[in-house]
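To start, the structure itself, in structure tokens.
Note that the structure is predicted; figures quoted are calculated from it, not measured. So you know, we letter chains A, B, ... as the sequences are listed, proteins then strands, and number each from 1.
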Protein chains: 2
Amino acid sequence: MKTHVDRRSAAVPPVTKADVRDAALTLFAQRGYHGTSLKEIAEKLGIRTPSLYNHIDSKGALLSQIVLDTLDQVVLDFDQVMAENDEPIERLRAATTVYALRHATHRREALVVNQDTVHLDEPDRSVAQRIRRQHEHGFRQLIVDGLDEGVFSVESAKVASFAIREMCVSVARWFREDGPLTAEDVARQYSDYALQIVGAATSGRGRPN
Amino acid sequence: MKTHVDRRSAAVPPVTKADVRDAALTLFAQRGYHGTSLKEIAEKLGIRTPSLYNHIDSKGALLSQIVLDTLDQVVLDFDQVMAENDEPIERLRAATTVYALRHATHRREALVVNQDTVHLDEPDRSVAQRIRRQHEHGFRQLIVDGLDEGVFSVESAKVASFAIREMCVSVARWFREDGPLTAEDVARQYSDYALQIVGAATSGRGRPN
DNA sequence: CCTACCGATCGGTAGG
DNA sequence: CCTACCGATCGGTAGG
């Protein structure tokens, strides 16, 4: 990783668009969009602020790219899960697994989406909300299907859907890549929690009796 | 509620410290600390920016007050629950109920704590982290106790504790006071979810067999 | 990739 | 509570 390199005293490879995006991702995730200046992003890359404009159109466009790309990936993940699974139980298990996994392996992107989507200029803000709602409705419908088929048992599909999705989202808040748990382990445990919440637990750990 | 009042053309009561705090709370929650200017807070109150300094020491002190007061309340709630309940199941039910309820009834405070604690100056940032950790450890110990007594069944107290707490926190992200659900209803459902997650469900809805 | 520079806005102060 | 004002920093442009 390149950090605070003095670009004038050595044969240092030029900064790329991907480098700028990565530096912005780290800083936006840590301090928020409005808490990060272009000067800080430039310093992290070892260049001057105006040089950033060789790679970006504006600070806002940098945020748009991060948020919209991430939301697109979330929906792609979800659509793939729905295509590969038929029954509500397997669908919920797979959907929560990939969703939690993504929030463990792409923590920065998740934090930026959740903190800073509100700071997007129009029309990107509306586009982002629409994509998010798409995932939201797909997820809720999955739970409604499980209730209709009698394999889920929960008072409100709406409340359960929010609880499960936001539980997965929050993995980005506490998970550490260098910690004792693997992302896969956490994702598996979270998918178990989701099934418990909708009353579809199939593991052998039921209450003792 | 006073909003955009022209304070020079009528006998309007003077702005109070509580008014400033309330306006800041709303704007910080909506746009974040760095996304909110003192000018916007002043405009919301119908006064000029410098007049705010009759009520606050600085923008940062305004944030400190909001964050530290809120975190203190969370710990007070938790300590009261622990004093009033003895068994892990009742403790977890009560702790998640009050925690989810607080996030439904104090949405703005919760959003600010979660988004902007990182922007506190020292030493307040460390103080906030210490209070938060206090709640975190108390909550986790509650789950460890339930495992030790054999009334909970979950793979990792740490993962379950994060999942349950963050699930409650996220109520602030979607709950609407003017929506169809009451805060009490949501809190009750979330406490059921928590008991399901730790494998301590006592409701009558167990899996059909 | 750089230096030089811009207008706008920021949090905050002086003084009444 | 106000007007007048401050230095610092912001995102961004000109020009090379």
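One atom, CG of B:Leu63, and another, P of C:dG12, lie 12 Å apart when rounded to the nearest Å. The separation between A:Glu40 atom CD and D:dA8 atom C1' is 14 Å, rounded to whole Å. If you measure from atom NZ of A:Lys39 to atom C1' of D:dA8, you get 10 Å, rounded to the nearest angstrom. Rounded to an integer number of Å, the gap from A:His55 NE2 to C:dC1 P is 4 Å. If you measure from atom NE2 of B:His119 to atom C1' of C:dG11, you get 16 Å, rounded to the nearest angstrom. The distance from atom OH of A:Tyr53 to atom P of D:dG11 is 7 Å, rounded to the nearest whole Å. Regarding A:Leu52, its CG atom lies at a distance of 14 Å from the P atom of C:dT3, rounded to whole Å. In this structure, CG of B:Leu62 is placed 11 Å from P of C:dG11, rounded to the nearest angstrom.
Shown here for A:Tyr193 and B:Ser156, the closest heavy-atom pair between the two residues is OH-O, 4.0 Å. The heavy-atom pair separating A:Lys39 from A:Thr49 by the smallest distance is CA-OG1, 3.4 Å. When all heavy atoms of B:Ala24 and B:Ile41 are compared, the closest pair comes out as CB-CD1, 3.9 Å.
Side chains of B:Asn54 and B:Ser51: no donor on one and acceptor on the other come within 3.5 Å. For the residue pair B:Gln73/B:Asp69, the side-chain donor-acceptor check at 3.5 Å is not satisfied.
When distances are taken from the side chain of A:Ser37 to each of D:dC1, D:dG11, C:dC1, the shortest belongs to D:dG11. When distances are taken from the side chain of A:Ile47 to each of D:dG12, D:dC2, C:dC2, the shortest belongs to C:dC2.
At the heavy-atom level, A:His34 lies nowhere under 4.0 Å from the strands shown.
Put simply, B:Arg48 has a side-chain N or O that comes within less than 4.0 Å of OP1 or OP2 on D:dT3.
Nearer the 5' end of DNA chain C, as judged by each residue's closest nucleotide, is the contact made by A:Asn54, out of A:Asn54 and A:Pro50. Residue whose closest nucleotide on DNA chain D sits further toward the 5' end, between A:Tyr33 and B:Thr49: B:Thr49.
You'll find the side chain of B:Ile164 stays beyond 4.5 Å of the side chain of B:Tyr190, heavy atoms only.
With sequence neighbours excluded, no residue forms a ring pair (Phe, Tyr, Trp, His ring centres under 6.0 Å) with B:His106.
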Under 3.5 Å for both distances, Watson-Crick or G-U wobble, that's the pair rule; now give the dot-bracket for DNA chain C, with | marking pairs to another strand and [ ] for crossing ones. ||||||||||||||||

